[in-house]
Amino acid sequence: MKSIKFWFVAMSLALVAGSSVAAPADAPEQIVRSVSRDVLEIIRKNDKDSARVRDQVDARVAPLANYNRMTALAVGRHWRNATPEQQQALVREFRQMLVRTYLSALTIYKNARVDVKGSRGGNSSDELDVRTEVFLPGQKPIPLDFSFEKTSAGWKVYDIAVDGISFINNHRNQFNAIVQKEGIDGLIKNLSGRNAAARGNKVASKR
Amino acid sequence: MRRLIACLFALALAGCATPSNNYDPLESINRPLYTLNKGIDKVALRPLAQTWTTVTPEPVQKGVHNFFENIYDLFAIPAAALQGKFEDAGNGLGRVLLNTTVGLAGLFDVATELEIPKSDEDFGQTLGYWGVPSGPYLMLPGLGPKTVRDSVDSAIYFAAGPTTYLNPESARYVFIGVNAMDKRAQLLPFDKTLAEQYDEYAFVRDTYLQRRWFKVHDGNPPYPLPMGNDDPDGKDPAPAAPKKEQGSQPVKPADPAKPSVKARAEQP
């Protein structure tokens, strides 16, 4: 259970890994190195302002993350039954949820260090898992793995696993349950509802 | 009695009919137990842990945490040795010796300061290492998520652990209570994440199983745990890169086209 805490890091860094001005030719390991360096720097510079960290990190990682595929895998078999409009809405809301939940919690990792341990090939030469460890002072290192796939626009992250807990797998079961009960529109509504509620809270608490 | 049997039968059928996770045939029993555990947590454990973390100075919290970790380190020694991981076992021995003496009965984690690595082993992993399957997922009242195999670890801890040496009995309860409180305090930061979930029970279960699968394979599992909530016809939902979900390594023994067979053969 302890590992869940690193979900935050994981997701954020993962999303982060999705970004960067990196040329498409960059290898996944280099991408992870440069993005984690940048993200940790953003966190250190803005460690009092989690909203700012969230926005800056989001901007940094967005180009490197394949949110489409991430969402498709999280939705699972129902993805194919969704209309293009529904798919678009799912990607939008899912992404917003990720950013809201994980990137806002990054400030606690201002003293973290990320070491790349190596990579492991997937089923094809178009897939690669980059394995890293996150070090926080006085704690056991946390394994954090990024799954990359090669697209026409370069390597993109489509899954992150913290301590072996895959982000996609963990959402799939729950999404599945919602879709079975309420359909794809129900899932969209569920996600957007929670996103909207969180926005409302934030505005309310600021005032 | 007859009614009980009928109930169990119905449960078994229900479990088989809609397995939302291959490792959770007892879901219909586990779910109510999860609700029970949630209730205990809400009225007792969580408030206790919250008070503990707000009222007690941090060095005290840390000392108490170190104390319990030192005992887990002790149990990790045989758990590592029985897997032939003698370097880990040796490190564990060094840690316990140092922390118990210089670290004043484990209150100070001197070994970590000296960079003696802590190994993450337990008897559940030892059994898994030797190929013992995990068995069904269990939600144990008061203990939380486990599998049949991994509850061996708790059993050994209670049978041989410090609780057996504590007298009078009240000391035993204090020990168990403070241990639980310390564990819960470590989890407080995740309460928010948990509350965000649509299905908390499924979230806890899937997280637990995947993490155990990862640990048994020392952080390098041959393929993702086939929990059964992925695409049932074995096709990738996203056509971009076919064949992602199933196994990422050649070691994979089973045929990915038969998820149900796999599920029984492979255990977290």
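The figures that follow rest on heavy atoms only: side chains count, while hydrogens, waters and symmetry mates do not. So you know, we letter chains A, B, ... as the sequences are listed, proteins then strands, and number each from 1.
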Q: Which atoms of Gln197(B) are under 4.5 Å from chain A, going by heavy atoms: the side chain, the backbone, both sets, or neither?
A: both
Q: Could you give the distance from CZ (Arg194(A)) to CD (Glu93(A)), rounded to the nearest 0.5 Å?
A: 11.0 Å
Q: Hey, can you tell me if Tyr137(B) and Tyr208(B) have their rings parallel, tilted or perpendicular (30° and 60° cut-offs)?
A: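 Judged by the thresholds at 30° and 60°, the geometry between Tyr137(B) and Tyr208(B) is tilted.
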Q: Is the distance between the ring centroids of His171(A) and Phe203(B) under 6.0 Å?
A: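 When the ring centroids of His171(A) and Phe203(B) are compared, they turn out to be at least 6.0 Å apart.
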Q: Do you know the tightest heavy-atom contact between Tyr223(B) and Trp213(B)?
A: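 Answer, listing the atom of Tyr223(B) first, then Trp213(B): O-NE1, 2.9 Å.
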Q: Any donor-acceptor pair under 3.5 Å linking the side-chain atoms of Gln61(B) with those of Thr56(B)?
A: no
Q: Measure the spacing between CG of Asn220(B) and CZ of Arg131(A) and express it to the nearest 0.5 Å.
A: 4.0 Å
Q: Can you check whether Trp155(A)'s main-chain N or O pairs, donor with acceptor, with Glu149(A)'s side chain at less than 3.5 Å?
A: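 Looks like no, no N/O pair under 3.5 Å.
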Q: Suppose a student defines contact as a heavy atom less than 4.5 Å from any heavy atom of chain B. Which residues in residues 179-187 of chain A would they list?
A: Lys181(A), Glu182(A)
Q: Top residue by heavy-atom pair count (under 4.5 Å) with chain A, among Lys118(B), Lys183(B), Glu113(B), Glu196(B)?
A: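 Answer, by heavy-atom pair count under 4.5 Å with chain A: Glu196(B).
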